[in-house]
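Have a look at the structure that comes next, please.
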Amino acid sequence: MVRERELLEAAGGGDQDAYGRLVEPYRGELHAHCYRMLGSVHDAEDALQEALLRAWRGLARFEGRSSLRSWLYTIATNTCLNQIAARPKRVLPVDYGPAADPHDGPGEPIVESVWLEPYPDEQLGLEDGYASPEASYEQRESVELAFIAALQHLPATQRAVLVLREVLGFSAREVAATLETTVPSVNSALQRARAAVDERLPEQSQQATLRSLGDEGLREIVEGYVDAWERGDVEAVVARLTEDATFAMPPLRTWYHGHEALTIFLAGWPLSGNWRWRQLPARANGQPALAFYTWDPEAGAYLPFALNVLTLRGSQISDVTAFVARSTEEPEREAYARWPEQPADPQRLMATFERFGLPGRLD
């Protein structure tokens, strides 16, 4: 704390280097907070940058009545609330519209920014466990796809209250001060937010599922799934999925539901024999993931196609969300039936491969 006071005093005197060192210990957790609020790593980075700039400009007004951490969270939260008011919420395809008929092919993309983005928890140093004794959600639980998706359906203030109280463990009084409201209002918003989120979450979190499987059990599931893909064995791939499994491919709105639909989709498109696939293991949103690469004869290498985030139920995969890194500039629907042949989209490539430290090609 002595060191923090020294840095605070130097930063208050205009020392930008001291300010950078002052806020650096909080940068990772503030970034995760902005992601929970906004559902996008790109938007979270913008919000965090704006919040830290606002904090720098307002440092003279920090009187120390709260902790520096609490003050920074107040600024970051209100910056996120301003962003939420100015743009549509981000969702997953399964929340955007009904499941597609697999006979119709992959469909066309939604090019506006409506989709959730995957979160590189390992890269950003998200820790295991709870943020504080008062928190109800583990840190990795609080970036799981289902939780982030559920948050985006809440009104902005309820979203902020739930994250600040249940994920970060701030008191009702602290949250009321952050949002400039009353403690009873915070408690009422929290009750409504809890009920809405609980309706959308599965019975068991991914963290609980992963603990029950253990490292060996998880490895067996993922390796079996990868092996089936590499052999082009549609039946074996589908056998690794729950009966009600979903497969989504943002930025396409299209998603498929159930064994019959998935068998038709897989056999007709990705596992039709027209493309060769390789995979690398990854982690995203506190969940297992696979980076999919497809063979490019011109490059003479396997190039990035999609980051597939896997959601597990028991010993099977219940949801695959494939965040595709390829271009959506082609207007013709047929282009997405042959999407592996489209070039990479630089922004999506950054969001799905580069941020996760994944290689740009496999030879």
Side-chain angles (χ1 to χ4, degrees), residues 32-41 43-44 89-99 114-122 126 128 130-131 135-155 158-163 165-168 190 192-213 218 221-222 225 240-250 253 255-258 262 282-290 306-323 351-352:
H33 175 59
C34 292
Y35 173 74
R36 294 182 190 102
M37 290 290 293
L38 300 170
S40 159
V41 177
D43 291 352
K89 68 184 178 185
R90 288 183 179 262
V91 296
L92 293 172
V94 295
D95 296 319
Y96 191 85
V114 300
W115 304 124
L116 289 181
E117 292 178 354
Y119 184 77
D121 50 319
E122 298 292 344
L126 193 67
D128 290 320
Y130 296 84
S136 299
Y137 294 97
E138 296 178 42
Q139 291 294 282
R140 290 192 186 279
E141 260 183 348
S142 69
V143 293
E144 291 178 3
L145 275 182
F147 184 75
I148 297 298
L151 285 177
Q152 307 312 303
H153 289 275
L154 295 176
Q158 289 184 28
R159 195 184 311 177
V161 168
L162 184 73
V163 171
R165 289 284 286 121
E166 303 282 69
V167 174
L168 297 166
L190 179 60
R192 294 195 301 273
R194 278 174 176 162
V197 167
D198 286 348
E199 281 185 5
R200 290 183 171 273
L201 290 181
E203 290 183 10
Q204 188 174 57
S205 73
Q206 286 302 284
Q207 303 317 301
T209 300
L210 294 173
R211 282 193 294 270
S212 68
L213 287 169
L218 175 61
I221 293 168
V222 174
Y225 184 70
R240 294 281 171 173
L241 308 176
T242 60
E243 287 283 348
D244 60 349
T246 68
F247 196 110
M249 300 164 288
R253 73 176 76 191
W255 61 281
Y256 302 106
H257 179 231
L262 287 168
R283 295 272 304 181
N285 295 81
Q287 300 175 213
L290 290 166
L307 181 68
N308 289 23
V309 182
L310 309 180
T311 299
L312 305 177
R313 190 191 310 148
S315 60
Q316 291 181 297
I317 298 166
S318 62
D319 303 275
V320 179
T321 308
F323 295 94
T352 55

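Predicted model only: the values in this text are computed from it and were never measured.
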Notebook entry, point to check: Nearest 0.5 Å, what's the OG1-CD distance between T209 and E203?
Noted result: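 Separation between the atoms: 10.5 Å.
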
Item checked: Any donor-acceptor pair under 3.5 Å from T352 side chain to A306 backbone ->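 Such a contact is absent between T352 side chain and A306 backbone.
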
Notebook entry, point to check: Can you name the residues that form a side chain to side chain donor-acceptor pair (under 3.5 Å) with R240, not counting sequence neighbours?
Noted result: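 For R240 there are no side chain to side chain donor-acceptor pair (under 3.5 Å) partners, ignoring immediate neighbours.
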
Checklist line | side-chain contact (heavy atoms from CB on, under 4.5 Å) involving A160 - partner list, sequence neighbours excluded | finding: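 Residues passing side-chain contact (heavy atoms from CB on, under 4.5 Å) with A160: M37, T77, L81, L179.
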
Notebook entry, point to check: Do I148 and Y119 touch side chain to side chain, with heavy atoms closer than 4.5 Å?
Noted result: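 No, every pair of side-chain atoms sits at 4.5 Å or beyond.
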
Notebook entry, point to check: Distance-only, no hydrogens or angles: does the R159 side chain make a donor-acceptor pair with backbone N or O of Q152 under 3.5 Å?
Noted result: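 A pair under 3.5 Å: yes.
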
Check: Without hydrogens or angle criteria, can the side chains of N285 and Y35 be said to hold a donor-acceptor pair below 3.5 Å?
Finding: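 Y35 and N285 do have a side-chain donor-acceptor pair below 3.5 Å.
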
Check: Judged by atom type as modelled, is there a donor-acceptor pair below 3.5 Å linking the side chain of E144 to the main-chain atoms of Q207?
Finding: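 Yes; at least one donor-acceptor contact below 3.5 Å.
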
Margin query: Looking at every non-hydrogen atom in both residues, tell me the closest pair between S40 and R90 and how far apart they are.
Written below: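 In terms of heavy atoms, the two residues are closest at CB-NE, 3.2 Å.
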
Checklist line | Contacts of type ring pair (Phe, Tyr, Trp, His ring centres under 6.0 Å), residue Y137, not counting sequence neighbours | finding: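 Partners of Y137 by the ring pair (Phe, Tyr, Trp, His ring centres under 6.0 Å) criterion, ordered by chain and then number, come out as F147.
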
Margin query: Please confirm whether the ring centroid of Y96 lies under 6.0 Å from the ring centroid of W255.
Written below: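 No: the rings miss the under 6.0 Å criterion.
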
Note to self: So that I can tick it off, tell me whether R313 and D244 are bridged by a salt bridge, with the cut-off set at under 4.0 angstrom between side-chain N and carboxylate O.
What the structure shows: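 Yes, this pair counts.
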
